[in-house]
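One structure is given below, encoded as structure tokens.
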Amino acid sequence: MKNLWTCIILLMMVRPTYQDEVQTKSHFTATPGRNIVVITIDGFRWQEVFAGADSLLINNEDYTPDAETMKSLYWDASPQQRRIKLMPFFWNVLAAKGQLFGNRELNNKVNVANAYAISYPGYNEILTGGTDLMVASNAKELNPNINVLEYLNATNDFKDKVAVFTSWDVFPFILNKERSGLQMNSGYEDIRDADSSLQEHLINKVQDEAVNEKDATRFDALTFLAAKEYISRYHPKLLYLGLGETDEFAHRGRYDLYLQQATEVDRMIAELWHCMQTTPGYRDNTDFIITTDHGRGSKTSKWSHHGAFIKGSTQTWLALLGPDFTATGEMKNRDQLYEAQVAQTIAALSGHEFITDHKVAPAVSLR
């Protein structure tokens, strides 16, 4: 253990800090009254976002048992066509109306700044705007760091208008539900509402009776349905949706299921965007921020793993869509962003500045 901490400290000493590399000012002004949706896709690599299915993985029977079927769905000689097949909403709508950062083939980079490149430290970074060496594992321990969701929930214009729905059951600890008081539903937790709708009752019934193995990560479809029902009933101004099955399938070494889940997540995001664009109050008045908590191994043999000593694990991506973002599509300029910048970006979109005890990275500078 002593040797591990020595390596981590050395790693932190040699890695450049995000404070030295990013812009210190944001170049956009949010319109008061905007709604914000933040979506994370756990452990989803930039390689698939920008190039679609990986030829070495989709043709490897250890990771893709039925390559013929998967290739009929996701394969094309052109990376541009492959990514459209995998994530049609991302590349037909988001790329046309928003911004996509992180295509390292174009020297446009997004990284985690934390030393560990695993989930809890990644979500801590995204939602608190900083890194913490003491947040080093995925253990269910209450996070001492203030996050931007609870910060905004304490303001007059966002009070009780912030909601969190996540597939991973560690989020009540990451967001310190005891302290923050956020409206939250995570893992296979029943939806507790004194006036439950039929949809919420059915979700609870499925979770209680139809799911045999209630492990740490709930089916994303149930998380999504719970979130969508909450939106229709309570109209939150800030929603956080944490999806997790891409990471689950990757850890199992099932590239085929990982690809299928990526397409399903793309469909969910499309449905949520359509819902917002057809609902008064949300239409043309809602910004989406979509990203991931960590990367994965860049080598074929390491793609299912991630962590401090696995190359590629710090490499991530970021997508922005909504009226506050210029429609520049895939960012092709040489740039470096960090996940720590997401928290202040959320705050800036809300018309606030996220100020707390720890140092917060600046918002993304938008063109």
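Just so it is clear, the values below take in all heavy atoms, side chains as well, and ignore hydrogens, waters and symmetry mates.
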Less than 4.0 Å between a side-chain N and a carboxylate O, is that true for [Y] and [X]?
X      : Y      : result
Lys109 : Asp335 : no
Asp256 : Arg254 : yes
Arg218 : Glu248 : no
Arg233 : Glu200 : yes
Glu271 : Lys228 : yes

Got a sec: does the OH of Tyr282 have more than 12 other heavy atoms crowding it under 6.0 Å? yes
Please say whether more than 12 non-hydrogen atoms of neighbouring residues, nucleotides or ligands are located less than 6.0 Å from CD in Gln80. yes
Specify whether Phe288 and Trp273 have parallel, tilted or perpendicular ring planes, treating 30° as the upper limit for parallel and 60° as the lower limit for perpendicular. perpendicular
In terms of relative ring orientation, are His358 and Phe354 parallel, tilted or perpendicular, with 30° and 60° separating the classes? perpendicular
Is the NZ or CZ atom of Lys85 both under 6.0 Å from the centre of the six-membered ring of Tyr74 and within 45° of that ring's axis? no
Please determine whether ring pair (Phe, Tyr, Trp, His ring centres under 6.0 Å) holds for the pair Tyr63 and Tyr258, giving the CA-CA distance in whole Å, both sets of side-chain angles, and the decisive distance to 0.1 Å. CA-CA 10 Å; Tyr63 306 128; Tyr258 168 86; over 10 Å; no
For the backbone of [Y] and the side chain of [X], can you confirm whether one donor and one acceptor N or O come within less than 3.5 Å of each other?
X      : Y      : value
Arg45  : Gly297 : yes
Asn143 : Ile174 : yes
Thr291 : Trp317 : yes

Go through the structure and list residues passing side-chain hydrogen bond (donor to acceptor under 3.5 Å, both in side chains) with Glu150, not counting sequence neighbours. Asn147, Arg179
Please lay out, stage by stage, how Lys237 and Asp157 fare under the test salt bridge (charged side-chain N to carboxylate O under 4.0 Å, His left out). CA-CA 9 Å; Lys237 288 180 61 62; Asp157 48 345; over 6 Å; no
Side chains of Asn103 and Lys332: donor-acceptor distance under 3.5 Å anywhere? no
Counterpart residues, salt bridge (Lys or Arg N to Asp or Glu O under 4.0 Å), relative to Lys177 (two or more places apart): Glu189
Taking only residues two or more places apart in sequence or in another chain, which ones pass salt bridge (Lys or Arg N to Asp or Glu O under 4.0 Å) with Lys140? Asp169
Under a 4.5 Å cut-off applied to non-hydrogen side-chain atoms, are [X] and [Y] in contact?
X      : Y      : answer
Ile289 : Leu318 : yes
Thr263 : Met87  : no
Leu175 : Leu149 : yes

Criterion side chain to side chain donor-acceptor pair (under 3.5 Å) on Thr316 and Glu339, from CA distance to verdict: CA-CA 8 Å; Thr316 60; Glu339 295 292 346; 2.7 Å; yes
Applying ring pair (Phe, Tyr, Trp, His ring centres under 6.0 Å) to Phe171 and Tyr240, what does each step give before you reach the verdict? CA-CA 11 Å; Phe171 272 97; Tyr240 176 70; 5.6 Å; yes
